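As the structure is a computational prediction, the values presented were derived from the model and not from experiment.
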Amino acid sequence: MSTTSNYELKSESLQLLREYQQIACPQVRNRLVELNFGLVRREAHHWMNQCNESYEDLLQVGSIGLIRAIERFDVSKGHAFSSFAIPYIRGEIQHYLRDKSPSVRIPRRWQALQRKAVWVMRELHVELNRQPSDLEIAAALEISLEEWQEIKLAGQNRSLLSLDAPIKDEDNGTSSLADLVPDTRYRSFQLAQEDQIRLQLALTQLEKRTRQILEFVFLYDLTQKETAERLGISAVTVSRRVKKGLDLLQRLMGGSEGEAE
């Protein structure tokens, strides 16, 4: 029964992918997301054990990757959609985690103790009818007080501090952290944002196949061989397209920079 059900779902999914390739209908796309959401759940479960992000957040990010795969899938290539979609889902989650990753790295053992400490503190709070002390938490975790305090400090240092955080100023009352920090990097940030916008605009001017290859290689971290297999072309063609695409991007972005000047 399960095999029959899976076959029916795959058949429906394939039919809808054909329809969506002809007419990009939002209703068809949403139904495809529903049918293939198990791929997102599988990847989210895998990454949940390797990061501190919530399962729900990973599902949302993975869904973006699934939608990208639906929009780019070519039925005529004969590839299984699941094999095509997983790199998109995985790549979207990986890039999300890279963007969210803190500059302070915490050892995996300490991360596990941090998660365990959340439950320990709740249980001790109920048992003692008050907030537990560091010594009591350390004892429940079966570690030294010094190590628990180091873990706490690492967690505090890992948290990002908002520039809008209020700071007491004796002369002017309350001011924000941003008021006290020299903004020497703002121009650099602006330039980085402008470069990103220009890159996105330049990508849209590339031929579809060249753009797909660059996305696979640089955005989703596939090797040139994996990209060739996924697109049904030779590795030599991928290599040539990568070189050609990068040259075109450089010229397009250089041209827009010259116009700006």
Side-chain angles (χ1 to χ4, degrees), residues 3-44 46-47 58-96 98 196 199-253:
T3 303
T4 304
S5 177
N6 288 338
Y7 176 76
E8 291 173 350
L9 287 174
K10 288 181 180 179
S11 298
E12 182 183 357
S13 183
L14 186 59
Q15 180 60 37
L16 290 172
L17 285 165
R18 289 195 184 99
E19 292 180 19
Y20 191 76
Q21 191 169 333
Q22 295 174 352
I23 303 176
C25 172
Q27 289 78 14
V28 173
R29 183 198 63 199
N30 293 343
R31 177 56 180 159
L32 282 166
V33 170
E34 291 177 12
L35 290 174
N36 295 280
F37 198 65
L39 300 174
V40 179
R41 283 197 295 266
R42 189 196 313 169
E43 283 298 314
H46 170 76
W47 290 102
L58 294 177
L59 285 178
Q60 289 183 9
V61 175
S63 296
I64 296 173
L66 177 58
I67 291 171
R68 291 185 190 277
I70 291 170
E71 293 174 344
R72 288 164 171 75
F73 186 68
D74 188 347
V75 178
S76 64
K77 297 299 181 183
H79 300 301
F81 177 70
S82 58
S83 300
F84 181 85
I86 286 174
Y88 278 95
I89 298 169
R90 184 176 301 156
E92 203 69 40
I93 291 176
Q94 285 176 329
H95 281 276
Y96 170 76
R98 286 172 194 165
Q196 186 175 15
L199 175 59
Q200 290 172 344
L201 290 173
L203 278 170
T204 63
Q205 298 179 55
L206 296 182
E207 180 200 0
K208 179 181 177 182
R209 176 50 57 86
T210 301
R211 185 176 69 250
Q212 283 181 327
I213 290 173
L214 291 180
E215 287 178 347
F216 274 129
V217 174
F218 296 105
L219 183 59
Y220 298 106
D221 297 327
L222 294 182
T223 65
Q224 292 190 9
K225 181 179 179 182
E226 290 170 334
T227 300
E229 292 173 350
R230 205 158 297 282
L231 295 176
I233 57 180
S234 70
V236 174
T237 300
V238 170
S239 179
R240 288 173 180 167
R241 292 274 187 149
V242 167
K243 185 178 185 305
K244 177 183 175 183
L246 292 177
D247 289 342
L248 284 170
L249 282 178
Q250 188 175 18
R251 287 203 297 272
L252 288 168
M253 294 183 70

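Applying the side chain to side chain donor-acceptor pair (under 3.5 Å) definition to pairs two or more places apart or across chains, those involving residues 230-244 are Glu207-Arg241, Thr210-Arg241, Ser234-Thr237, Lys243-Asp247.
Every residue two or more places apart in sequence or in another chain was checked for a side-chain hydrogen bond (donor to acceptor under 3.5 Å, both in side chains) with Gln224, and none qualifies. Leu59 meets the side-chain contact (heavy atoms from CB on, under 4.5 Å) test with Phe37, Val40, Arg41, Ala44, Tyr55; sequence neighbours excluded. Looking at residues two or more places apart in sequence or on another chain, you find no side-chain contact (heavy atoms from CB on, under 4.5 Å) involving Gln60. Applying the side-chain contact (heavy atoms from CB on, under 4.5 Å) criterion to Gln21, with sequence neighbours excluded, gives Asp74, Val75. With sequence neighbours excluded, the residues satisfying side-chain contact (heavy atoms from CB on, under 4.5 Å) with Val28 are Leu16, Glu19, Tyr20, Cys25, Leu32.
Taking every heavy atom of both residues into account, Leu66 and Ala85 meet most closely at CD1-CB, 4.3 Å. The shortest non-hydrogen separation linking Arg29 to Ile70 is O-CD1, 4.0 Å.
There is a side-chain donor-acceptor pair under 3.5 Å between Asn36 and Ser13.
Leu206 CG to Gln212 CD: the interatomic distance, rounded to the nearest 0.5 Å, is 11.5 Å. Atoms OH and CD, from Tyr88 and Glu43 in turn, are 15.0 Å apart once rounded to the nearest 0.5 Å. Taken to the nearest 0.5 Å, the CD atom of Glu12 stands 10.5 Å off from the CG atom of Leu17.
Between Glu71 and Arg68 there is no salt bridge, since no side-chain nitrogen of the basic residue lies less than 4.0 Å from a carboxylate oxygen of the acidic one.
Side-chain atoms of Glu226 come within 3.5 Å of backbone N or O of Thr223 as a donor-acceptor pair.
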